[in-house]
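Naming: A, B, ... by sequence-line order, numbering from 1 per chain. Quick caveat, the model's predicted, so the values are computed rather than measured.
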2 protein chains.
Amino acid sequence: MGEKTPDDKTDQGDGLEPRDRADRHVRADARRNIDALLRAAMAVFATSGVEAPVREIAERAGVGVGTVYRHFPQRSDLIVAVFRNEVDACADAAPILARKHEPGEALALWMQRYVDFVTAKRGLAAALYSGNPAFETLPAYFNQRLRPALQTLLEAAAAAGEVRADIEPDDLLGAAASLAMPSHGGGPAQARRMVALLVDGLRYGASSPADTRS
Amino acid sequence: MGEKTPDDKTDQGDGLEPRDRADRHVRADARRNIDALLRAAMAVFATSGVEAPVREIAERAGVGVGTVYRHFPQRSDLIVAVFRNEVDACADAAPILARKHEPGEALALWMQRYVDFVTAKRGLAAALYSGNPAFETLPAYFNQRLRPALQTLLEAAAAAGEVRADIEPDDLLGAAASLAMPSHGGGPAQARRMVALLVDGLRYGASSPADTRS
DNA sequence: CTTGCAAACGGAACCTTGTTCCGGATATAT
DNA sequence: ATATATCCGGAACAAGGTTCCGTTTGCAAG
């Protein structure tokens, strides 16, 4: 899983800090708590949305709030860390699926995985739109990780003649995300079905791989 | 608390404002305070966004918080009231502009008015996406009031041959709103300029008023 | 195995913000 | 002028984010 520590310093080259090697000592208990916190936060966010109280997360992780704030100075830092963690997991699933399935099937499975990811993100949309600058880099990270992952799957499936070749990863991600948005009423089950339909749409017309309809 | 009160008054016509509240006496001081609160909230929301503290609004209106909650039982009620108020003001500006200016000019001026309105709504987007049911009727109200207003202006300008006739009010509202969204980086000045460009685009190709293509 | 200490821990305390409560003020009908 | 339903103000309460600080602990040097 993610080896990236949350205090992943975005070193802007401020040479003010005292000499610390990037790998300064991170005590084992600290690492353990960070892991527990990420796991707890993931679970709580999925259940109660990203606006769940910090105390609840701390309790579930079996630590005190002080420990939360030691590793995630702001509440939003925790949210960002969990989000990046999940994006990474989703992106990393792509090569794994590609190895275990036929290209078309791998694509379909990954899209479902993606739907699950989006569905679980209740309340995140509000955070993104909140104007809080802490979140403004998230969409970029989102694209940076997921687009290449999907693109690889898409190209493999297209090369195998299993899907048409004229769709862009971004279109697909956007379409699936909007289908999965809770604002569309239908539950997660409907989202999965509609996205499956979308993927079937990709398969249609792929029978003649050389058919480039200008 | 689960008791479902059976006094479901047919609060029908939620699209239009409840104009005559003559059923029960509304004391003059109360009306005055409500007005002051709406004005203060409008100013504060424009400055600090819709998440400004209730106390700040109360102070600016010169009343106690108790008075705020007497008239707006929930914070979100105040936000909704201010929003509807501003939507009404924006919509009502259309006929006034139409009376004082040439059709094309009235359209251009109203679009600028609309941009100002959208620009001032910092943080409202987040509220809309928050999942709070208190806000879910707002977009409908938005459309219900603004679309006819713009449509009238548009038709008048088209009839006068000052703009092309093949654009829908909704498209224009949506486009202008997205140009004015702060997420697009450029300040309000840029938004005004881009929307002016958009309106100029409407004028282009309108030189032959009788040209009803199709 | 000690020992020293920086790092980490926990959770009470503090601050801000939404909301409720209620004693006192007051507009308005009679 | 009086009665009273309505309204007002702001203290008090609840909840959540964040800080503070005394205590504990991992770990490496001796």
Side-chain angles (χ1 to χ4, degrees), chain A residues 5-7 9 17-38 40-41 44-45 47-82 123 126-127 130 132-135, chain B residues 1 21-38 40-41 44-45 48-82 123 126-127 130 132-135:
Chain A
T5 58
D7 50 40
K9 44 214 61 181
E17 283 303 306
R19 271 291 50 84
D20 13 26
R21 278 283 150 250
D23 294 309
R24 212 161 75 247
H25 259 245
V26 179
R27 269 166 48 168
D29 55 346
R31 162 118 304 136
R32 215 178 312 128
N33 281 333
I34 289 172
D35 266 17
L37 274 171
L38 285 176
V44 170
F45 288 166
T47 305
S48 317
V50 295
E51 24 194 22
V54 170
R55 285 168 174 80
E56 185 180 339
I57 297 166
E59 188 181 12
R60 175 152 190 155
V63 305
V65 280
T67 301
V68 179
Y69 279 90
R70 159 161 294 265
H71 299 299
F72 304 95
Q74 311 251 22
R75 178 198 155 64
S76 58
D77 293 327
L78 219 198
I79 296 175
V80 169
V82 168
S130 68
N132 183 335
F135 297 118
Chain B
M1 58 181 64
R21 207 82 214 134
D23 42 21
R24 212 68 177 129
H25 250 272
V26 179
R27 270 166 48 168
D29 54 347
R31 170 102 285 145
R32 214 178 312 128
N33 280 333
I34 289 174
D35 271 13
L37 274 171
L38 285 176
V44 170
F45 288 166
S48 317
V50 294
E51 25 193 19
V54 172
R55 283 167 176 78
E56 186 180 339
I57 296 166
E59 188 181 13
R60 176 152 190 154
V63 305
V65 281
T67 302
V68 179
Y69 278 90
R70 157 161 291 266
H71 299 299
F72 304 95
Q74 311 253 19
R75 176 199 158 64
S76 58
D77 294 327
L78 219 198
I79 297 174
V80 169
V82 168
S130 69
N132 184 336
F135 297 118

Side-chain N or O of [X] closer than 4.0 Å to phosphate OP1/OP2 of [N]:
| X | N | answer |
| --- | --- | --- |
| A:T67 | C:dA8 | no |
| A:Y69 | D:dT18 | yes |
| B:Q74 | C:dG18 | no |

* Asked: Looking only at heavy atoms, what is the nearest atom pair of A:L37 and A:T67, with distance?
  ->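 Minimum heavy-atom contact is CD1-O, 4.3 Å.
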* For A:G66 and for A:P53, find the nucleotide of DNA chain D with the closest heavy atom, then tell me which residue's nucleotide is more 5'. =>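 Whichever sits nearer the 5' end wins; that is A:P53.
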Nucleotide [N], atom [atom2] - distance to [atom1] of [X] in whole Å:
| X | N | atom1 | atom2 | value |
| --- | --- | --- | --- | --- |
| A:F72 | D:dT19 | CZ | P | 15 Å |
| A:D77 | D:dT18 | CG | P | 9 Å |
| B:E59 | D:dG9 | CD | C1' | 13 Å |
| A:N33 | D:dT25 | CG | P | 13 Å |
| B:I34 | D:dC8 | CD1 | C1' | 13 Å |
| A:E51 | D:dG17 | CD | C1' | 14 Å |
| A:H71 | D:dG17 | NE2 | C1' | 18 Å |
| A:I57 | D:dT18 | CD1 | C1' | 14 Å |

* Contact class for A:V65 vs. all strands (heavy atom < 4.0 Å): base, sugar-phosphate, or nothing? ->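 Base, at least one base atom sits under 4.0 Å.
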* To do: Would you kindly check whether a donor in the side chain of A:R75 faces an acceptor in the base of D:dG16, or vice versa, at under 3.5 angstrom?
  =>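 No such pair is found, so the answer is no.
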* To do: Identify which nucleotide among D:dT6, C:dC9, D:dG17 has an atom closest to any side-chain atom of B:R70, counting heavy atoms from C-beta outward.
  =>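 Selected nucleotide: D:dT6.
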* Asked: Can you name the residues that form a side-chain contact (heavy atoms from CB on, under 4.5 Å) with B:N132, not counting sequence neighbours?
  ->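 With sequence neighbours excluded, B:N132 shows a side-chain contact (heavy atoms from CB on, under 4.5 Å) to B:S76, B:S130, B:A134, B:F135, given in chain and number order.
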* **Residues that A:V44 engages under side-chain contact (heavy atoms from CB on, under 4.5 Å), provided they are two or more places apart** =>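 Residues passing side-chain contact (heavy atoms from CB on, under 4.5 Å) with A:V44: A:S48, A:A52, A:E56, A:I57, A:R60.
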* Is a donor on one side and an acceptor on the other found under 3.5 Å between the side chain of B:D77 and the backbone of B:Q74? ->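 Answer holds: yes.
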* From CD (B:E51) to CZ (B:F45), nearest 0.5 Å ->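 If I round to the nearest 0.5 Å, the distance is 10.0 Å.
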* Asked: Roughly how far, to the nearest 0.5 Å, is CZ of A:R31 from NE2 of A:H71?
  ->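 Going from NE2 on A:H71 over to CZ on A:R31, the span is 9.5 Å.
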Where do N or O atoms of nucleotides 27-30 of chain C meet protein N or O atoms at under 3.5 Å, pair by pair?
from, atom 1, to, atom 2, distance (Å)
C:dA27, O4', B:R27, NE, 3.4
C:dT28, OP1, B:A28, N, 3.1
C:dA29, OP1, B:H25, NE2, 3.0

* Flag side-chain contact, heavy atom, 4.5 Å: B:L38 against B:F72 ->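 Yes. Closest side-chain heavy atoms under 4.5 Å.
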* To do: Starting from the 5' end of DNA chain C, give me the residue, A:R55 or A:G62, whose nearest nucleotide shows up first.
  =>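 Here A:G62 is the residue nearer the 5' end.
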